[in-house]
Number of protein chains: 2
Amino acid sequence: MKRPTIADIARQAGVSKGAVSYALNGQPGVSESTRQRIIAIATEIGFNPNSAARALSGAPARAIGLALCRPARTLGMEPFFMELISGVEAELSAMSFALTLQVVANADDEIAVYRRWWGERRVDGVLICDLRVDDPRVPVLEELQLPAVVIGGPGHTGALAHVWSDDAAALVETMEYLAALGHRRIARVGGMPGLLHTETRTAAFDAVARRLGLAEASTIGADYSGEDGTRATRRLLSSPQRPTAIVYDNDVMAIAGLAVAQEMGLSVPGDLSIVAWDDSPLCRLVHPALTALGRDIPAYGSQSARTLLDLIAGAAPAGYQAETARLTPRGTTAPPR
Amino acid sequence: MKRPTIADIARQAGVSKGAVSYALNGQPGVSESTRQRIIAIATEIGFNPNSAARALSGAPARAIGLALCRPARTLGMEPFFMELISGVEAELSAMSFALTLQVVANADDEIAVYRRWWGERRVDGVLICDLRVDDPRVPVLEELQLPAVVIGGPGHTGALAHVWSDDAAALVETMEYLAALGHRRIARVGGMPGLLHTETRTAAFDAVARRLGLAEASTIGADYSGEDGTRATRRLLSSPQRPTAIVYDNDVMAIAGLAVAQEMGLSVPGDLSIVAWDDSPLCRLVHPALTALGRDIPAYGSQSARTLLDLIAGAAPAGYQAETARLTPRGTTAPPR
DNA sequence: CTGAAAGCGCTTACAG
DNA sequence: CTGAAAGCGCTTACAG
C-alpha cells in the first residue's frame with residue numbers, strides 16, 4: 001500500500017500543498033470552506049502526516065523520551081513504573097504524542113541516551129526518574145536545552161521543571177501513627193542511598209524519631225528488591241532488641257518482610273507491625289493486607305507529562321507539587337504486645 | 001547548542017556530504033583513509049544523524065512499536081510485561097533501535113495506532129501481544145505490510161512471524177505432577193477467554209483431565225487481576241466438593257488465592273495445593289513460596305525483538321519456538337490430606 | 001485568501 | 001574513488 005501524502009490531497013482538492021498544510025494544521029491562510037473540503041479528503045483517504053518530514057521541517061517530533069535506569073530484576077517487580085507509564089500515556093495519547101522508552105544500565109549510558117536523542121532530534125523532551133543528590137543528568141540537560149521534567153525533588157533539580165510529592169510529611173504522619181499505637185522501637189528499610197527521595201525520607205525519619213524520643217530508630221539501605229527486603233528484615237528481627245514496627249520504602253520489600261516474619265514464627269501485627277510505601281494492588285493481595293502509604297501514581301505520571309508538554313509548547317520551567325501520600329491502615333499494624 | 005550535521009563534517013574533512021554519508025554508513029565509495037578521518041571527526045564533534053532526515057530519505061526509522069491493550073490496573077501488576085520489555089530493550093539497544101510504547105484501551109484503538117504508525121512512518125515494525133482467536137489485528141497488519149512479530153501462537157497468526165511457547169505441554173506436566181501427588185479434584189483459574197493462550201490452555205486442561213479420569217476438573221475465567229483471583233478462589237473453595245488443588249494462569253491471581261485460603265483457615269499445601277503460571281520474583285516473596293511454572297521472559301522478549309529486526313532487514317516471516325515453561329515445586333504443593 | 005518556492009538533513013543513483 | 005544533484009514529505013516565509 002502506498003502512503004497518501006499532502007500532494008495527493010492537494011491534487012484531489014485542486015489546491016497547493018501549502019494550502020493543505022495550513023488547513024490540516026489549523027493555520028490561517030485558507031478559507032473555511034477550503035479547509036473543510038481538505039479535511040474531508042484527508043479523513044477519507046486515511047492521511048497521516050509523515051512524522052519524519054514534519055520533524056525535519058522544524059516541527060516537534062511529537063515524541064517524548066523516558067529512560068529507566070534500574071536492573072531488569074527490580075524493574076519487572078515494581079508496579080510503580082508501569083502505573084507511572086500508564087498515566088504518562090493517558091496524557092500523551094490525548095495529544096497524539098508518542099513515548100520512546102529506553103532501559104539503561106547506568107547513569108553514564110543514560111546521559112549518552114539523552115545526548116543521542118537530542119542529536120537525532122528523536123524526542124521533544126524527556127522525563128527524568130530516580131533523581132539523585134547532585135544528579136549529573138541535570139547539568140547535561142540544562143546544557144542541551146532539551147525540555148525536561150524531573151519526577152522528584154524539590155531541590156537538586158537545577159533550573160529544570162519538576163513534579164514532586166512531600167515524602168517527608170508522609171513519613172512524619174506514619175511515625176506519629178506508629179508512636180500513637182505505642183511503638184518505641186521502629187526501624188526502616190530504605191531505598192537506594194543517593195536517591196534524593198531516599199535521603200529526604202531518611203532525614204525526616206531521623207528528625208521525627210529524635211523529636212518523639214525514639215532511641216533506636218535506624219534505617220537499613222536496600223535496593224527495592226524482595227531479596228534485599230528479606231535480608232534486611234532478617235537482620236532486624238534477629239537483633240537482641242528487635243523492632244516492633246518496620247517501615248519499608250516500597251511494597252515489594254514490605255511483602256518480603258511479612259513473609260520473613262511469618263517464617264520466623266512472629267505474628268503480624270501482634271509481634272511486628274509493618275508499613276509499606278507505595279500502595280499498589282499487591283498490598284491487598286497478601287494476608288494480612290498491608291498498611292500502606294499510597295497516592296495516585298497514574299495521576300502523578302499524567303501531571304508530569306502535562307508539565308512536559310507545556311514546556312515543549314514554550315512554558316517556563318516550574319515546580320508542581322502533587323498530592324502527599326496518605327496512610328491506609330490495614331491488617332499489618334496494631335499496638336505492640 | 002547547535003546540532004552538528006554531515007555538512008559540518010564534510011567542511012572539516014574537505015569532502016562532499018555524500019562522502020560523509022558513505023563513510024558513516026559503511027558503504028563503499030570512499031577510501032579507507034578518508035573513512036577513518038571522517039569517522040574521527042564525527043566522533044569528536046559528537047555527531048548523531050538526524051533521525052527524521054534519515055527516515056525521510058527512505059532509511060528505516062530505527063524504531064519499533066509496542067501497543068499494550070490492558071487496563072492500567074492489571075498492567076502495573078503484571079511483572080510479565082516489564083520483564084518482556086527489558087528483554088526487548090536489551091536487543092534493541094544493541095542495534096540502536098528505539099522502542100515506541102503505546103497503551104491503548106481496546107482492540108479498535110490498537111488497530112488505529114498501527115494505521116497511524118504506518119502512515120506516519122514512525123516505526124519500522126511492531127510487536128503484537130495477547131493474540132486472540134481470529135485476531136482482527138492480523139489481517140490489518142498483513143494488508144499494511146508492516147513488519148510484525150506476534151508474541152504468541154501457534155495458529156491464528158496468518159502469514160505473520162511469531163515467537164511462541166508450548167503452553168499445552170507445560171500444563172500437561174503440571175497436571176500429571178498434581179495427579180501423581182494424589183490430587184483428584186483439580187480446578188483452574190484461567191486468563192481472559194478469547195486470548196489464544198487461554199483457549200490453548202483450557203483445551204489442554206480438559207484433555208488431560210479426561211485422560212487422567214478427573215471428573216470435576218473445571219476452569220473459571222478471570223482477568224489476571226488479584227480481585228478476580230480472589231473472587232474465583234472464594235467460589236471454588238466454598239463449593240461442597242472443593243478442589244484440593246488449583247492452577248492459576250498468572251502469579252498475581254495465585255497470590256490472591258493463597259491469601260483467600262489462609263483467610264478461610266485452610267492450610268496450604270495441606271488442604272489446598274496451588275500452582276502459579278509465570279514465575280516472577282513475587283512467587284518467592286510470599287509464605288509459603290509458590291510452586292510455579294516459569295520461563296525466561298526477558299529472553300522471550302529478546303528473541304521476539306531479534307525476529308522483528310531480522311524481518312525489517314528483509315528476512316522471510318517464520319515461526320520460532322521458545323523454551324517451554326518448567327515447573328518449580330516449592331511450598332504450595334503436597335499430597336492432599 | 002492562495003500559489004510557487006526554498007529549505008530541513010539526510011541517502012542514493014548518476015556522472016566524472 | 002569522489003562530487004554535484006535530486007529527492008524524501010512536510011512547513012513556512014514570501015509574493016501575488
Side-chain angles (χ1 to χ4, degrees), chain A residues 1-39 41-42 45-63 96 116-122 124 313, chain B residues 1-39 41-42 45-63 96 116-122 124 313:
Chain A
M1 261 179 93
K2 196 190 162 301
R3 293 174 179 80
T5 70
I6 53 168
D8 299 320
I9 301 176
R11 202 178 318 112
Q12 278 197 45
V15 298
S16 71
K17 293 193 297 173
V20 174
S21 177
Y22 290 138
L24 260 25
N25 292 312
Q27 303 284 354
V30 285
S31 65
E32 197 47 37
S33 64
T34 308
R35 187 190 304 275
Q36 290 308 330
R37 192 155 43 91
I38 287 171
I39 289 174
I41 294 172
I45 66 177
F47 171 77
N48 287 296
N50 180 316
S51 58
R54 200 174 219 178
L56 190 54
S57 304
R62 298 192 83 80
S96 302
R116 184 159 56 77
W117 279 346
W118 173 83
E120 294 180 342
R121 243 188 163 298
R122 199 178 266 280
D124 301 314
Chain B
M1 261 179 92
K2 198 192 159 304
R3 294 175 178 77
T5 70
I6 53 167
D8 299 320
I9 300 176
R11 202 178 317 112
Q12 278 197 45
V15 298
S16 70
K17 294 193 297 174
V20 173
S21 177
Y22 290 139
L24 260 25
N25 291 312
Q27 304 284 355
V30 285
S31 67
E32 198 46 38
S33 64
T34 308
R35 186 189 304 276
Q36 290 309 330
R37 191 154 45 91
I38 288 171
I39 289 174
I41 294 172
I45 66 178
F47 171 77
N48 287 297
N50 180 316
S51 57
R54 201 175 220 179
L56 191 53
S57 303
R62 299 193 82 80
S96 302
R116 184 160 55 78
W117 278 347
W118 174 81
E120 292 180 343
R121 246 190 161 296
R122 199 178 266 282
D124 301 315

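All chains are named by letter (A, B, ...) in the order of the sequence lines, taking the proteins before the strands, and each is independently numbered beginning at 1. This one's a predicted model, so the numbers in the text were calculated from it and none came from an experiment.
One N or O on the side chain of T5(A) and one on the backbone of A7(A) form a donor-acceptor pair closer than 3.5 Å. Remark: the backbone N or O of A53(B) is paired with a side-chain donor or acceptor of S57(B) at under 3.5 angstrom. R37(A) places a side-chain N or O within donor-acceptor distance of the main-chain N or O of A13(A), the cut-off being under 3.5 Å.
Searching all strands for a Watson-Crick or G-U wobble partner of dT2(C) with both distances below 3.5 Å returns dA15(D).
Closest-nucleotide positions on DNA chain C for N50(B) and A19(B) were compared, and the one nearer the 5' end corresponds to N50(B). For F47(B) and Y22(B), each mapped to the nucleotide of DNA chain C holding its nearest heavy atom, the one lying further toward the 5' end belongs to F47(B). Along DNA chain D, the nucleotide closest to S57(B) and the one closest to V15(B) are compared, and the more 5′ of them pairs with V15(B).
Among the atoms of the strands shown, base atoms are found under 4.0 Å from some heavy atom of G18(B). As judged by a 4.0 angstrom heavy-atom cut-off over every strand, S31(A) is placed among residues touching the sugar-phosphate backbone only. Base contact: S21(B) has a heavy atom under 4.0 Å from a base atom.
I9(A) has its side chain out of reach of Q12(A): every pair of non-hydrogen atoms, C-beta onward, lies at least 4.5 Å apart.
Note that the first and last nucleotides of DNA chain D, 5' to 3', having any atom under 4.0 angstrom from a heavy atom of chain A are dG9(D) to dA13(D).
Considering every non-hydrogen atom in both A55(B) and A61(B), the closest pair reads CB-CA, 4.2 Å.
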Next on the checklist: Let's go through R35(B) and I38(B) carefully: what are the C-alpha distance in whole Å and the side-chain angles of both, what is the deciding distance for side-chain contact (heavy atoms from CB on, under 4.5 Å) to 0.1 Å, and is it a yes or a no?
Outcome noted: CA-CA 5 Å; R35(B) 186 189 304 276; I38(B) 288 171; 5.8 Å; no

